[in-house]
Amino acid sequence: MAQKPAIPKGTRDFDPDVMARRDYIFSTIKEVFKLYGFEPIETPAMENLSTLTGKYGDEGDKLLFRILNSGDFLSDVKEPDKQSFETLGQKISEKGLRYDLTVPFARFVVQYRNEINFPFKRYQIQPVWRADRPQKGRYREFYQCDVDVVGSDALINEAELVQLVDDVFKRLNINVVTKINNRKVLAGLAEYIGKPEALIDITVAIDKLDKIGIDQVNAELSEKGLSDKAVELLQPVLFMEGSTTEKLDMLEKLIGHIAIGSKGITELRQLFTYLYNMKIAMPVELDLTLARGLNYYTGAIFEVKATDVPMGSICGGGRYDNLTGVFGMPDVSGVGISFGADRIYDVMQNLELFPDKAIQSTQIIFLNFGEKEMTYCLPFLKELRAKGFRVEIFPDAAKIKKQLRYTDQKRIPIAVMAGESEMAANQFTVKQMQSGEQITVDAETLVEKLGESLKDRL
RNA sequence: GUGGUCGUAGCUCAGCUGGUUAGAGCAUCAGAUUGUGGUUCUGAGGGUCGCGGGUUCGAAUCCCGUCUUCCACCCCA
């Protein structure tokens with residue numbers, strides 16, 4: 001054999017087994033999205049670089065996959081432009097692979113602003129690409145399942161999204177905890193300690209609290225230019241304990257006098273009131289150290305983690321007040337969240353949460369005893385399929401042993417056999433693969449009998 | 001992007017400080033069983049030891065490069 005073929009770093013092939021499980025996740029998510037009134041859209045895998053760059057911060061820009069122009073793109077490049085990566089890059093690459101679904105969505109909203117019926121509730125399930133170093137649960141090509149509402153700044157949208165999250169993970173049988181914070185509160189805190197311009201640095205640092213500990217967080221804060229006094233002021237927030245209401249009351253005392261902080265607190269109170277009335281089943285915590293989220297979030301921030309398995313967040317999102325602004329359409333507020341399908345898969349696989357029906361494909365197989373016998377079976381295949389059963393016939397008159405092995409490995413629950421003797425008597429032998437039990441049924445009652453035995457398995 | 005780590009049959013791995021023709025289990029295929037699988041028995045096929053170079057009489061084993069895997073940082077789904 002020649003050199004074995006391979007796929008690029010951080011990408012994966014999905015075999016039928018994996019696809020069945022992935023489909024289960026996608027269809028569950030899709031179903032819930034629709035229940036809340038979201039409608040699907042799709043956007044191209046590639047966008048103009050001008051659409052993508054500058055939206056994800058410097059780090060994000062570095063992780064963009066760029067697509068080389070077609071043809072002899074170097075011939076048009078003048079010597080001076082070849083001197084730096086920056087200028088050369090602009091000349092030879094004008095397109096890039098999408099990095100997430102939110103920015104293409106913002107582009108979509110601006111582009112079709114006159115045709116869209118606001119508030120626009122859309123969902124989008126597509127792969128995205130990041131030139132990151134792969135690790136476990138971190139791929140260069142992965143799927144995001146985004147739901148967003150744009151054109152409404154009502155907090156009920158946030159609440160409904162949390163409820164939707166609850167619904168999805170309840171259906172997938174994954175135990176999760178949702179953490180909520182508000183960017184305005186973080187901004188209020190930054191102002192409170194006298195460093196409003198250091199908002200990003202502060203949030204990035206305190207976000208690491210449970211990972212690296214308080215000493216390292218404080219060290220990083222100092223390193224970012226915060227005075228000892230500023231770090232000192234922040235401590236009560238980092239160690240804030242108690243119920244959500246208690247935390248909010250404490251916050252009120254600290255930053256209630258700061259306009260933006262006060263606004264954030266009011267929003268949080270309203271959101272948690274909605275959530276209380278919605279009777280959310282999963283735990284929902286106010287976590288003031290939650291800061292992750294891209295630079296464009298301006299209000300609520302969400303993050304969802306599985307509680308039974310260590311894994312990065314499997315779902316995250318937030319409120320962005322001006323994402324469409326960069327595309328020339330100001331004052332459109334949106335809120336959305338993104339489900340990481342690949343990580344959800346890893347969690348479910350890890351905890352063995354996929355139900356049998358998620359991985360079952362064919363339900364009934366007709367074994368092949370030869371040309372005449374196959375012909376005898378064909379009308380029944382048609383009839384069963386018309387009734388919605390997933391049915392196949394083994395294409396070759398191979399040894400029965402081989403055919404049953406195929407059936408077994410494909411986890412098909414029922415094998416139907418008809419050889420010379422059954423044909424002569426106008427009958428079929430129906431075999432339950434799991435128990436090995438076999439019964440003989442008349443041809444007229446075959447469809448009915450099969451329907452009965454599969455009733456519990458659908 | 002920085003630092004580290006791994007790579008031997010389809011899969012999981014052995015292979016001592018370099019030394020005959022590179023092994024095992026599982027999986028695959030064939031037969032025992034020409035109409036009965038998931039258990040058993042017998043046998044077979046399958047590897048340029050990730051790839052490229054170097055050191056050596058001799059390299060899976062040592063060195064360099066490269067690709068891939070996983071890990072920490074960065075960032076994130």
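Chain letters run A, B, ... following the sequence lines, proteins first and then strands; every chain starts at 1.
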Review point. Choosing from U69(B), G37(B), C73(B), which nucleotide comes nearest the side chain of Pro134(A)?
Key: U69(B)
**Study point:** Span that lies between the P atom of U39(B) and that of G35(B), in whole angstrom
**Key:** 22 Å
Exercise for review: Under the salt bridge (charged side-chain N to carboxylate O under 4.0 Å, His left out) rule, what do Lys195(A) and Glu197(A) come out as? Steps first, then yes or no, please.
Suggested key: CA-CA 5 Å; Lys195(A) 280 286 222 179; Glu197(A) 73 282 1; 3.7 Å; yes
Exercise for review: Give a yes or no on this: more than 12 heavy atoms of other residues, nucleotides or ligands lie within 6.0 Å of atom CG of Asp15(A).
Suggested key: yes
Polar-atom pairs under 3.5 Å, protein N or O versus N or O of nucleotides 25-31 of chain B: list them with distances, or write none.
unit_1	atom_1	unit_2	atom_2	d
U28(B)	OP1	Gln409(A)	NE2	3.1
C29(B)	OP2	Arg405(A)	NH2	2.7
G31(B)	OP1	Lys399(A)	NZ	2.8
G31(B)	OP2	Lys399(A)	NZ	2.7

Check your understanding: OP1 or OP2 of U36(B) less than 4.0 angstrom from a side-chain nitrogen or oxygen of Lys431(A), does that happen here?
Key -> no
Review point. Taking atom P of A77(B) as reference, at what distance in whole Å does atom CH2 of Trp129(A) sit?
Key: 16 Å
Review point. Can you find a donor-acceptor N/O pair under 3.5 angstrom joining the side chain of Arg411(A) to the base of G37(B)?
Key: no
Check your understanding: In terms of side-chain heavy atoms of Arg133(A), which of G1(B), G38(B), A77(B) is nearest?
Key -> G1(B)
Check your understanding: When the P atoms of U69(B) and A32(B) are considered, how many whole Å apart are they?
Key -> 45 Å
Point to revise | Tyr376(A) ring center near Phe428(A) ring center (under 6.0 Å) | key: yes
Check your understanding: Taking atom C1' of A77(B) as reference, at what distance in whole Å does atom NZ of Lys179(A) sit?
Key -> 16 Å
Check your understanding: What's the CE-P distance between Met423(A) and G35(B), to the nearest Å?
Key -> 16 Å
**Study point:** Distance, P atom - from G31(B) to C49(B), rounded to whole angstrom
**Key:** 33 Å
Review point. Any chance the rings of Phe394(A) and Tyr406(A) have centres within less than 6.0 Å?
Key: yes
Check your understanding: Mind checking the P distance from U20(B) to G38(B)? Whole angstroms is fine.
Key -> 40 Å
Review point. If the P atom of C62(B) is compared with that of G18(B), how far apart are they to the nearest Å?
Key: 8 Å
Review point. For Ser361(A), what residues pass the side chain to side chain contact (heavy atoms under 4.5 Å, CB included) criterion, not counting sequence neighbours?
Key: Lys410(A)
Review point. Lys208(A) side chain N/O closer than 4.0 Å to the phosphate oxygens (OP1, OP2) of C75(B)?
Key: yes
Review point. Taking the six-membered ring for Trp, are Phe339(A) and Phe26(A) ring centroids under 6.0 Å apart?
Key: no
Exercise for review: Pick the P atom in A22(B) and in C6(B), then give their distance to the nearest Å.
Suggested key: 25 Å
**Study point:** Phosphate contact (A72(B) OP1 or OP2) by Gln135(A) side-chain N/O below 4.0 Å
**Key:** yes
Exercise for review: Can you tell me, in whole Å, how much space there is between the P of C51(B) and that of A60(B)?
Suggested key: 11 Å
**Study point:** Phe38(A) ring center within less than 6.0 Å of Tyr123(A) ring center
**Key:** no
Review point. Which whole number of Å gives the distance between the P atom of A24(B) and that of U68(B)?
Key: 33 Å
Exercise for review: Before giving the answer on salt bridge (charged side-chain N to carboxylate O under 4.0 Å, His left out), spell out for Lys55(A) and Asp61(A) the whole-Å C-alpha distance, their side-chain angles and the decisive distance to 0.1 Å.
Suggested key: CA-CA 8 Å; Lys55(A) 310 298 189 299; Asp61(A) 281 358; over 6 Å; no
Check your understanding: Once you round it to whole Å, what is the distance between P of U2(B) and CG of Asp132(A)?
Key -> 14 Å
